[in-house]
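Worth saying up front: this structure is predicted, and the values here are computed from it rather than measured.
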Amino acid sequence: MRGDEAYCLELLELQKVDFALVELTLYLDTHPTDMQAVQQFNQLAQRRQQIANEFEMRYGPLLQFGQSFSRFPWQWVDTPWPWQV
């Protein structure tokens, strides 16, 4: 069920990975030849995709405008939305 403890914990894990990806992006903007950082970025990007896919299968889409699929019936009417938690 959306908004329950599992929903919040899974969303928090996704937010942690997103934060790390933003930080690595900023770092790589100034250190583009740091191979270890690029590898870490790619590993986290893969992990993010896995977490997001699992989250969306359980709770519905994270993103709008064609970035995420929706099951039937349309799921954007279900709250709370990820940004409301």
Side-chain angles (χ1 to χ4, degrees):
M1 183 165 127
R2 291 181 78 145
D4 65 5
E5 185 175 350
Y7 175 90
C8 293
L9 289 173
E10 290 179 45
L11 188 58
L12 179 62
E13 184 63 26
L14 184 62
Q15 291 170 335
K16 288 177 184 179
V17 172
D18 282 346
F19 178 83
L21 285 167
V22 169
E23 292 297 310
L24 274 169
T25 298
L26 295 172
Y27 174 81
L28 285 166
D29 284 347
T30 59
H31 300 80
T33 59
D34 186 335
M35 183 181 283
Q36 186 176 0
V38 172
Q39 290 173 334
Q40 186 177 16
F41 178 89
N42 288 333
Q43 288 171 349
L44 282 172
Q46 185 175 23
R47 177 73 180 130
R48 192 222 183 269
Q49 185 175 28
Q50 176 187 5
I51 294 169
N53 287 340
E54 291 171 6
F55 184 92
E56 289 182 332
M57 291 302 294
R58 284 189 194 94
Y59 304 109
L62 283 163
L63 303 170
Q64 183 46 292
F65 308 112
Q67 307 250 349
S68 295
F69 293 98
S70 179
R71 292 186 301 264
F72 183 84
W74 185 247
Q75 294 177 297
W76 279 104
V77 296
D78 297 335
T79 59
W81 293 291
W83 57 89
Q84 291 179 311
V85 176

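For the atom pair Cys8 SG and Gln15 CD, the distance stands at 9.5 Å (nearest 0.5 Å). Distance CD/Gln49 to CD/Gln46: 7.5 Å, rounded to 0.5 Å.
In this structure, Tyr7 and Phe55 have tilted ring planes: the angle between them lies in the 30° to 60° band.
The shortest heavy-atom contact between Leu28 and Asp34 is CD2-O, 4.1 Å. Heavy atoms only, all atoms of each residue included: Leu44 and Val17 are closest at O-CG1, 3.6 Å.
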Practice item. Take Asp4 and Tyr59, measure what side-chain contact (heavy atoms from CB on, under 4.5 Å) needs, and give me the verdict at the end. Key: CA-CA 10 Å; Asp4 65 5; Tyr59 304 109; 4.1 Å; yes

Check your understanding: How far apart are the C-alpha atoms of Gln43 and Arg47, what are their side-chain angles, what is the distance that settles it, and do they pass the side-chain contact (heavy atoms from CB on, under 4.5 Å) test?
Key -> CA-CA 6 Å; Gln43 288 171 349; Arg47 177 73 180 130; over 6 Å; no

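Using a 4.5 Å cut-off between side-chain heavy atoms of Ile, Leu, Val, Met, Phe, Trp and Tyr, with links allowed through other members, Tyr27 and Val38 fall into the same hydrophobic cluster.
Side-chain N or O atoms of Glu56 include one that pairs as donor or acceptor with a backbone N or O of Leu62 at under 3.5 Å.
Within a 6.0 Å sphere centred on CD of Glu54, other residues, nucleotides and ligands contribute more than 12 heavy atoms.
Remark: Asp18 pairs with Arg48 by the salt bridge (Lys or Arg N to Asp or Glu O under 4.0 Å) rule, at least two apart or across chains.
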